[in-house]
2 protein chains.
Amino acid sequence: MTTLKDVANAVGVSVATVSYVLTGRGSVSKETSLKVMAAVKKLGYRPNRTAQAMRTGFTQSIGLLLPDLTNPFFPQLAQKIENAARQRDFSVLLVDCQSNPDTEAEAFNLLKQQGVDGIIWCPSSDIAPDSIHSVGCPVVLIDRPISGFDSVYSDYYKGGQLLGEYALSMGHTQVGLLSGPKHIEGARKRRQGFIDSVTGPDKNLTIVWDLEVPFSTELSPESLQRLNEKDVTLIVAADDLIAVGAISALNEIGQRVPEDVSVTGFDNIPWSTVVTPKLTTINQAISAMGGQAVDILAEKISEPDMPIRTVLLDVELVERHSVKRVKA
Amino acid sequence: MTTLKDVANAVGVSVATVSYVLTGRGSVSKETSLKVMAAVKKLGYRPNRTAQAMRTGFTQSIGLLLPDLTNPFFPQLAQKIENAARQRDFSVLLVDCQSNPDTEAEAFNLLKQQGVDGIIWCPSSDIAPDSIHSVGCPVVLIDRPISGFDSVYSDYYKGGQLLGEYALSMGHTQVGLLSGPKHIEGARKRRQGFIDSVTGPDKNLTIVWDLEVPFSTELSPESLQRLNEKDVTLIVAADDLIAVGAISALNEIGQRVPEDVSVTGFDNIPWSTVVTPKLTTINQAISAMGGQAVDILAEKISEPDMPIRTVLLDVELVERHSVKRVKA
DNA sequence: AGAATTAACTTAAACGTTTCACATATATTA
DNA sequence: TAATATATGTGAAACGTTTAAGTTAATTCT
């Protein structure tokens with residue numbers, strides 16, 4: 001590794017001077033400045049980030065704390081975040097807590113110890129572990145907001161509404177809900193948005209059943225049983241994973257989608273276009289979510305007194321082939 | 001942040017002593033050792049990794065350089081690697097180069113600058129950029145070996161063979177190959193394994209066409225056209241992505257899988273079980289791959305003179321529903 | 001011309017560790 | 001008992017940067 005001293009010696013000047021031309025802070029003549037630049041380039045000098053961190057307190061790295069990379073919602077997000085961060089000259093330290101609350105709590109201590117300048121966090125539940133309070137750096141939440149923190153997430157309520165309106169418009173009257181975990185606000189909002197938009201004096205839609213299931217393709221025995229009863233024409237799943245799980249289960253018991261039952265998802269993960277039939281679902285602006293998250297985090301790192309912001313991302317219905325119109 | 005000096009003051013002892021009890025290196029009495037431990041716990045002291053790195057030259061972090069997280073093969077790998085690394089007290093710095101060779105080359109400089117102790121790298125092609133030679137830390141390759149480096153990867157050749165034998169056993173005689181990029185050794189090996197196992201005097205199988213396509217669900221116009229010609233009973237795709245792309249395309253032109261055409265994949269990514277029909281494919285031991293990679297890397301970090309190793313992971317055929325037996 | 005300002009550069013301290021070299025007290029040996 | 005070894009502890013240097021404070025020479029002001 002070539003150091004500041006190496007280039008200083010090469011030019012015949014002090015390390016301070018070299019540092020000043022590199023940071024652009026001191027006062028140095030055009031002439032020596034050029035000589036320094038030349039030496040830097042010639043020697044391939046790059047400042048040692050560790051030493052910089054030691055002195056400045058900033059590591060130029062951020063933590064990315066996710067519940068589970070194998071949930072296909074996250075890789076896109078992670079990729080976008082990593083790229084956006086890198087463009088701002090930040091590295092990203094990845095922690096996948098596998099949805100384990102203890103690991104998640106410990107992750108904050110770990111990231112603090114590594115000296116990250118900030119953290120982008122997608123919580124696995126609605127409550128924040130104590131360890132977050134001593135972390136001493138900005139934290140911005142993605143996808144799952146918690147009050148008191150900067151957050152960027154999609155308009156789940158609207159997504160639910162969109163689905164409700166669509167269900168109505170396609171003439172469905174008997175629907176089943178595969179709602180997500182109650183301890184996740186986003187899941188509650190989707191459900192509420194749907195319910196609010198399909199209930200009312202002029203609406204003719206009844207929610208035949210409403211089950212709480214995890215965000216996973218593995219369905220509970222209870223929901224499997226419900227699927228068997230053939231009492232609904234539309235199943236509204238809380239996310240695409242649940243939706244594809246439902247489609248599989250339906251196929252296994254000889255029900256065709258959408259001919260016999262329709263299914264909707266939420267998220268628009270890549271899977272939704274490879275299953276048969278292609279999933280009608282709600283698209284989240286994942287790219288924007290990642291970009292906004294690092295924007296806000298970067299801003300808060302350089303300006304810690306910024307007020308707390310929450311940015312709400314618009315969603316839209318993407319109509320594919322998993323919902324059939326029913327006749328009256 | 002509480003520092004060494006803080007706990008030293010609390011105990012009434014020098015920083016050196018505290019450091020010695022923490023590292024277990026010096027000679028310190030049982031008594032003071034206990035007092036120090038108590039103070040450490042009470043103050044919640046954790047060594048500052050940056051400072052440790054400054055002194056020791058080791059950051060306790062490794063780089064993970066991947067071509068593209070949105071390729072569903074990688075998230076599992078990344079998750080496994082992150083977890084294995086964390087258990088060994090290493091953090092992981094993620095870089096997703098989006099298959100861009102320039103970004104990939106630059107990533108090595110970046111990681112070097114960050115001072116990672118080692119790098120796990122999945123190259124996007126068969127050649128290593130120059131920047132890797134000045135990186136100054138161990139590098140272990142996963143999935144795509146390059147000679148001269150430690151690597152862990154699956155037995156692609158055998159995978160190809162398994163597929164070939166299976167094709168024979170299911171009575172297929174007319175097959176089309178959707179081979180992967182020629183510049184990737186793994187793709188070449190799969191293809192060769194297949195070809196070697198289906199050609200011979202006693203074998204009655206002809207490869208009607210053999211196209212080179214990228215590892216993606218997007219098929220080339222040429223391959224789309226081939227799919228239309230209905231001259232084969234089995235399509236052997238170089239990976240699961242290509243396979244699901246083929247299935248989609250086939251569906252669109254009214255060909256049923258596997259009734260009209262059979263399809264096989266490679267990798268056994270999660271997608272392979274959510275598409276219809278579920279994909280018959282070759283399983284890679286991804287978990288083992290990740291684990292081995294960090295094992296080897298960790299060993300090489302503490303013992304840089306270890307000879308170069310390459311570990312070959314066994315593969316197996318997983319038979320699902322995308323291949324039909326044909327009559328003679 | 002003398003005083004004051006400024007431009008250009010250097011010296012040295014500091015960040016939090018680890019570890020070498022040294023100091024002191026206690027225990028062991030001849 | 002004197003000499004030596006051992007156990008326990010401390011002081012200070014070093015890692016590579018940034019930056020406050022200081023120095024020198026050149027420039028500007030009255």
### Query
Would you say B:Ser302's side chain and B:Ala298's backbone share a donor-acceptor pair under 3.5 angstrom?
yes
### Task
Given side chain to side chain contact (heavy atoms under 4.5 Å, CB included), test A:Ile120 with A:Val294 step by step and report yes or no.
CA-CA 8 Å; A:Ile120 294 181; A:Val294 341; 4.0 Å; yes
### Query
Expressed in angstrom and rounded to an integer, what is the separation of B:Met54 atom CE from C:dT19 atom P?
14 Å
### Residue pair B:Asn83 / A:Gln98, side-chain donor-acceptor N/O under 3.5 Å
yes
#### Entry: Pair A:Asp305 + A:Lys300, salt bridge at N-O below 4.0 Å
no
### Query
Taking NZ, NE, NH1 and NH2 as the nitrogens, is one of them in A:Arg309 or A:Glu303 under 4.0 Å from a carboxylate oxygen of the other?
no
### Query
How close or far is atom C1' of D:dT17 from atom CD of A:Gln60, stated in whole angstroms?
14 Å
### Task
For the pair B:Glu31 and B:Lys35, find out whether any cationic side-chain nitrogen is under 4.0 Å from an anionic carboxylate oxygen.
no
#### Entry: Length of the line joining B:Asn48:CG and C:dT17:C1', which is rounded to integer Å
8 Å
### Message
Rounding to 10°, can you tell me the angle the first-five-pair axis of the helix from C:dA1-D:dT30 to C:dA30-D:dT1 makes with its last-five-pair axis?
### Response
50°
### Summary
Separation of C:dT19 atom C1' from B:Leu22 atom CG, nearest Å, is 14 Å
### Query
Just to confirm, is there a sub-4.0 Å distance from OP1 or OP2 of C:dT18 to any side-chain nitrogen or oxygen of B:Arg25?
no
#### Entry: Euclidean distance, atom CZ of residue A:Arg49 to atom C1' of D:dC15 [Å, nearest integer]
18 Å
### DNA chain D contacts among residues 27-45 of chain B, heavy-atom distance under 4.0 Å
B:Ser27, B:Val28, B:Ser29, B:Thr32
### Message
Under 3.5 Å, is there a donor on one side chain and an acceptor on the other for A:Glu106 and A:Asn109?
### Response
yes
### Task
Can you spot which of B:Glu104, B:His183, B:Arg144 makes a side chain to side chain donor-acceptor pair (under 3.5 Å) with B:Ser124?
B:Glu104
### Message
Between P on C:dC15 and CG on B:Asp6, what's the gap in Å once rounded to a whole number?
### Response
11 Å
### Task
Looking only at side-chain atoms of B:Arg55, point me to the closest of C:dG16, D:dT18, C:dT18.
C:dT18
### Task
Check whether the side chains of A:Asp117 and A:Gln60 place a donor and an acceptor atom closer than 3.5 Å, and report yes or no.
no
### Task
Round to the nearest Å and state the distance from B:Met1 atom CE to C:dG16 atom C1'.
9 Å
#### Entry: B:Gln52, nearest nucleotide to its side chain (from D:dT18, D:dT17, C:dT17)
C:dT17
### Summary
Ordered by number, residues from residues 8-21 of chain B within less than 4.0 Å of DNA chain C (heavy atoms) are B:Ala16, B:Ser19, B:Tyr20
### Task
For B:Asn48 and A:Gln114, run side chain to side chain contact (heavy atoms under 4.5 Å, CB included): C-alpha distance rounded to whole Å, both residues' side-chain angles, the deciding distance at 0.1 Å, then the answer.
CA-CA 7 Å; B:Asn48 178 325; A:Gln114 285 282 355; over 6 Å; no
### Query
Knowing that exactly one of B:Leu77, B:Asp143, B:Leu313 qualifies, which makes a side-chain contact (heavy atoms from CB on, under 4.5 Å) with B:Gln284?
B:Asp143
### Interatomic distance, B:Arg46 CZ vs C:dG16 C1' [rounded to whole Å]
17 Å
